[in-house]
Amino acid sequence: MTDTEPAAPVRETAESIATMEIRGAATIASAAAEALAEQAEAAAASGETASDPAAFRASMRAAGRSLRETRPTAVSLPNALRYVLQRMEGETVDELRRSVVDATEAFVRQLDRAQDDLGQVGANRLADGDTVMTHCHSTDALACIEAAVEQGKSISAVVKETRPRQQGHITAEQLRDAGVPVTLIVDSAARRYLDEVDHVVVGADSIAADGGVINKIGTSGLAVNARERGVPIMTAAQTIKLHPETLTGHTVEIEMRDESEVIGSEAREEIGEIAVENPAFDVTPPRYMDAIVTEHGQFPPESIVALMRELFGEGAAEPWAEP
Ligand SMILES: O=P(O)(O)OC[C@H]1O[C@H](OP(=O)(O)O)[C@H](O)[C@@H]1O
């Protein structure tokens, strides 16, 4: 390991995030924070970084950078890196190492608590006997449904498959295991089934200062249809999903993924020359979202900016910036 080359566990985590073996905004955040702790342990035990606080710091920043470069849309990733790296302090390598490990542990505890807390808030929006529709796989959205079941409510689910990666299958399995009767549908059947559901519950990868919700591709169409059918739609999102840079006018980059997720090589060859695009996320304008449910309570999307200012001030530095 050199000053600028992250340790093996960081490289492995970065690779797993990029290939989506590790996925979901909250899961990515905790994996990234844990990778920083592993980097701190490795750097404190290896070569020049073990005895040189400046080299140790440089190796932590390089690790942050390599984790940051994996996927662009879920802001939970830079927010996690920022949380840990901003708490890195000490004169000696051992003090620096300890501060990173402690910050990581505190961060992961906070994430778990936030999900439990927002689950209670989201569950309060659901009534006994409700049917919910889900899109993709979101641990924050599932926390709301599972908390409602724990409150003794009987909940059923219509689960959208969510092309192209069919992450609705993970949702279907987890809800079934939680005792929720599940009906799996293809994405294009969503409008037809909206007449049979009481709520739509989705997650978020980022929330913009104007209340726009950035989530798995297809969320915005679902939200427009839900509004047209009069079905309330909520986004379950821990505050780690709030995107601080949107406070200063930046937009959220939408990840474009490989065409192979959309079309297999055989069909591709058969069809011949066509363009294929595979955006992983879209933006739901605030006017189509009824509520953003966080660990601090529920908010109309347009008012989320007040919470963002409270938590982040006016903006945020890159997670690996020198303090
Ligand atoms: O943090 P939690 O609620 O688990 O997930 C939030 C969002 O992250 C996922 O993105 P991807 O599957 O990583 O592309 C989905 O878009 C999901 O709604």
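First listed ligand is number 1; within each ligand, the first listed atom is number 1. All residue numbers refer to positions in the sequence shown, counting from 1.
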Practice task
Please identify each residue that fulfils side-chain hydrogen bond (donor to acceptor under 3.5 Å, both in side chains) with Asp112, with sequence neighbours left out.
Solution key: none
Exercise for the section: Let me know which protein residues bring a heavy atom to under 4.0 Å of ligand 1; chain then number is fine for ordering. Expected result: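 Its neighbours under 4.0 Å (heavy atoms only) are Met20, Arg23, Gly24, Ala25, Ala26, Arg71, Cys136, His137, Ser138, Thr139, Asp140, Gln167, Gly203, Ala204, Asp205, Asn215, Lys216, Lys241, Phe281, given by chain and number.
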Exercise for the section: Could you tell me which residues satisfy salt bridge (charged side-chain N to carboxylate O under 4.0 Å, His left out) with Arg68, sequence neighbours excluded, listed by chain and number? Expected result: none
Exercise for the section: Please identify each residue that fulfils salt bridge (charged side-chain N to carboxylate O under 4.0 Å, His left out) with Arg257, with sequence neighbours left out. Expected result: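 Per chain and number, Arg257 pairs via salt bridge (charged side-chain N to carboxylate O under 4.0 Å, His left out) with Glu255, Glu261.
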Problem - Over 12 foreign heavy atoms within 6.0 Å of CZ, Arg229 - result: yes
Problem - Electrostatic pair Arg113-Asp116, nearest N-O below 4.0 angstrom - result: no
Problem - Glu302 side chain vs Gly211 backbone, donor-acceptor pair below 3.5 Å - result: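 A pair under 3.5 Å: no.
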